[in-house]
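Written below as structure tokens is the structure these notes are about.
All chains are named by letter (A, B, ...) in the order of the sequence lines, taking the proteins before the strands, and each is independently numbered beginning at 1. Note that the structure is predicted; figures quoted are calculated from it, not measured.
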Number of protein chains: 2
Amino acid sequence: MSNNREKNIEKFAEMFKALSNPNRLKIFLRLISCCVPGVITHIKDSVESEECACVGDLGKDLGIVPSTISHYIKELRQAGLINMERQGQKVECSIAPETLIALKSFFSS
Amino acid sequence: MSNNREKNIEKFAEMFKALSNPNRLKIFLRLISCCVPGVITHIKDSVESEECACVGDLGKDLGIVPSTISHYIKELRQAGLINMERQGQKVECSIAPETLIALKSFFSS
DNA sequence: TCGATTATTCGACATAATTCGAAATATAAT
DNA sequence: ATTATATTTCGAATTATGTCGAATAATCGA
């Protein structure tokens, strides 16, 4: 139905809005390079390797205060681009694999 | 150089911003389906077929006033997503093929 | 040249986004 | 229990976006 297509357009527009801020885009790209479920994880600069990136990690590199990072990440999640899961004190973030697939095919279909 | 990558991120963020409005996204998708240079053109509903879509055509379907459409299209062009060319009274719009290629590969690289 | 068609620019207003610091909440460690 | 760490929420200020109508400009045909 055409209504469905309408809804998809709204949804993709929402995703693109979430990615329209350079810092949010950087966060998203970083998660793509290290935190796609089912993909070998990235070894960090430090002595330790990490499975995934928590909210604080994502902010450190970008020099952004925690409240702003938290807000960014919420927007990425609301757009369906990432998943979040509390792990103790931290909240781990990862790419939403099905959304990434949808984006991959969006411009090719 | 890393500066280059920075610049690319800014550029892609700009593209996503242009596509973050549902009406602009619809315009972009319509142009993809009919006005990519070097691709067989789409046959319209009317008796006549058209090579490409002019600014006015793009607005008619969406029920948006000309000034707004003109504004939208300017944003898409400034983001590098489309090309425009005056053809008599009308201004024909088409997809910028190299940008489309860049977008296709963005989520896959 | 005049009028019709098409597109752009301008000015205005309402709505939304950006971003921060402060305060609040959740969890872990001592 | 208290403290430290990580994150979220809230309130506020600034800036940007969306959208329109009116005015302006470009081009074609009679």
Side-chain angles (χ1 to χ4, degrees), chain A residues 9-28 30-31 35 44 46 48 50-79 81-94, chain B residues 9-28 30-31 35 44 46 48 50-79 81-94:
Chain A
I9 287 180
E10 299 283 335
K11 191 63 198 163
F12 277 105
E14 200 185 335
M15 291 182 209
F16 294 139
K17 181 178 289 178
L19 298 177
S20 73
N21 175 292
N23 283 324
R24 284 195 301 262
L25 185 53
K26 284 176 197 168
I27 292 170
F28 182 74
R30 166 157 174 191
L31 289 175
C35 311
K44 279 186 53 185
S46 72
E48 300 181 49
E50 288 194 3
E51 275 250 316
C52 206
C54 70
V55 173
D57 291 339
L58 293 169
K60 247 167 256 163
D61 305 336
L62 300 172
I64 299 170
V65 299
S67 64
T68 301
I69 283 289
S70 179
H71 187 214
Y72 283 170
I73 286 177
K74 189 172 158 193
E75 289 178 273
L76 290 169
R77 196 204 58 209
Q78 284 176 338
L81 292 163
I82 68 172
N83 297 129
M84 303 169 72
E85 191 181 357
R86 178 134 233 155
Q87 217 103 57
Q89 280 175 295
K90 302 186 176 182
V91 173
E92 300 286 345
C93 303
S94 59
Chain B
I9 287 180
E10 299 284 335
K11 190 63 199 164
F12 277 106
E14 201 184 334
M15 290 182 209
F16 294 139
K17 181 178 289 179
L19 297 177
S20 73
N21 174 291
N23 284 324
R24 285 196 300 263
L25 185 53
K26 283 177 198 169
I27 292 170
F28 182 74
R30 167 155 173 192
L31 289 176
C35 310
K44 280 185 50 185
S46 71
E48 299 181 49
E50 288 192 2
E51 274 251 316
C52 206
C54 70
V55 174
D57 290 340
L58 293 168
K60 247 168 256 162
D61 305 338
L62 301 173
I64 298 171
V65 299
S67 63
T68 301
I69 283 290
S70 181
H71 187 215
Y72 283 169
I73 286 177
K74 189 172 158 192
E75 288 179 274
L76 290 169
R77 197 204 55 209
Q78 285 176 337
L81 292 163
I82 67 173
N83 297 130
M84 303 170 72
E85 191 182 356
R86 178 133 232 156
Q87 217 104 55
Q89 281 174 294
K90 302 186 176 181
V91 172
E92 301 286 345
C93 302
S94 59

Taking only Lys NZ, Arg NE, NH1 and NH2, and the carboxylate oxygens of Asp or Glu, determine whether A/D61 and A/R30 approach each other closer than 4.0 Å. yes
Would you mind telling me which of D/dG18, C/dT8, C/dC20 lies closest to the side-chain atoms of A/I64? C/dC20
Need to verify one output field. Residue with the more 5' nearest nucleotide on DNA chain C, B/M84 or A/R24? B/M84
Could you tell me how far apart B/E85 (CD) and C/dT6 (P) are, to the nearest whole angstrom? 19 Å
What residues in residues 13-20 of chain A put a non-hydrogen atom under 4.0 Å from any atom of DNA chain D? none
Calculate the interatomic distance between B/K60 atom NZ and C/dT5 atom C1'; express it in whole Å. 10 Å
In numerical order, the residues of residues 65-74 of chain B whose heavy atoms come under 4.0 Å of DNA chain D are B/V65, B/S67, B/T68, B/H71, B/Y72
Distance, rounded to the nearest Å, where A/K90 contributes NZ and C/dT27 contributes C1': 12 Å
Quick one: pull up CD1 in A/I82 and OG in A/S94 and give me the separation to the nearest 0.5 Å. 7.5 Å
First locate atom CG of A/L31, then atom CG of A/L76, and finally report the distance between them rounded to the nearest 0.5 Å. 8.0 Å
Between N or O atoms, less than 3.5 Å apart, protein on one side and nucleotides 28-30 of chain D on the other: list the pairs.
none

A/C54 SG to A/I73 CD1 distance, which is reported to the nearest 0.5 Å: 8.5 Å
Would you call B/V55 and B/P66 a side-chain contact if the rule is heavy atoms closer than 4.5 Å? no
Side-chain contact, heavy-atom cut-off 4.5 Å: B/K11 with B/E14? yes
Are any non-hydrogen side-chain atoms of B/I64 and B/Y72 less than 4.5 angstrom apart? yes
Here the distance between atom P of C/dA17 and atom CG of A/L25, to the nearest Å, is 18 Å
Any side-chain N or O of B/N21 under 4.0 Å from OP1/OP2 of D/dG18? yes
CD1 of A/I27 to CD1 of A/I69: how many Å apart, nearest 0.5 Å? 4.0 Å
Roughly, in whole Å, what's the span from CD1 in B/I27 to P in C/dA7? 12 Å
What pairs with A/E75 under side-chain hydrogen bond (donor to acceptor under 3.5 Å, both in side chains), at least two apart in sequence or on another chain? A/R24
Here the pair of heavy atoms bringing B/C35 nearest to B/A53 is SG-N, 3.6 Å
At how many degrees, to 10°, do the end axes of the helix from C/dT1-D/dA30 to C/dT30-D/dA1 meet when each uses five pairs? 20°
Counting only N and O atoms by type, is there a donor-acceptor contact under 3.5 Å from the side chain of A/R86 to the main-chain atoms of A/G88? yes
Are the side chain of A/S20 and the backbone of A/K17 linked by a donor-acceptor contact shorter than 3.5 Å? yes
Using atom CG of A/L58 as one end and atom P of D/dT8 as the other, report the distance to the nearest whole Å. 11 Å
Reported CG-to-CZ distance for the pair A/L58 and A/F28, which is rounded to 0.5 angstrom: 12.5 Å
Residue pairs meeting salt bridge (Lys or Arg N to Asp or Glu O under 4.0 Å), one or both in residues 64-73 of chain A, sequence neighbours left out, come to none
